[in-house]
Amino acid sequence: SKLPVAEFAKRVREAKEAREKEAEPKGKAGDEGREGEKGEKEAKATRPWKAEEQALLENAMRVVDKSVPDRWDRVAEMIPARSRKEVVQRVKDLKAMLLSR
């Protein structure tokens, strides 16, 4: 089912605000903080996609035209807590799954 554009925009905005809030420094930005961030990014790469994230991905792919040069960057910006690399990998995985049927 398609998500109305207004609802999609609202979710993207709320998720972006939540992501920015999570990214705020909680203590000193020393070596330990950098290691923690690296570990978090690695953990995100292996965690499963939630249904809401999948819906955001599908809507983002509808909204961002294929002809846009930095399409994957734009799509990734619309999915909180997911990097460009994760978005591209998810699309590749889904494509492979569909082609193997």
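Values in this document were obtained by computation on a predicted structure and should not be read as measured data.
Looking only at side-chain heavy atoms (C-beta outward), W49 and V87 come within less than 4.5 Å of each other. R82 places a side-chain heavy atom less than 4.5 Å from the side chain of R47.
Of the inter-residue distances, the one linking M61 atom CE with L56 atom CG reads 13.0 Å to the nearest 0.5 angstrom. Going from atom CD of E58 over to atom CD1 of I79 covers 9.5 Å, rounded to the nearest 0.5 Å.
Enclosure of atom CZ in R71 by more than 12 non-hydrogen atoms of other residues, nucleotides or ligands within 6.0 angstrom is indicated.
Of all heavy-atom pairs spanning S83 and E86, the tightest one is N-OE1, 2.7 Å. For the pair M78 and A60, the tightest heavy-atom approach, listed with the atom from each and the gap, is SD-CB, 3.5 Å.
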Legend entry - Trace of the side-chain contact (heavy atoms from CB on, under 4.5 Å) decision for V91 with W72: CA-CA 10 Å; V91 172; W72 296 115; 3.8 Å; yes
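Residue R90 is tested with K95, Q54, K85 for a side chain to side chain contact (heavy atoms under 4.5 Å, CB included); the sole match is Q54.
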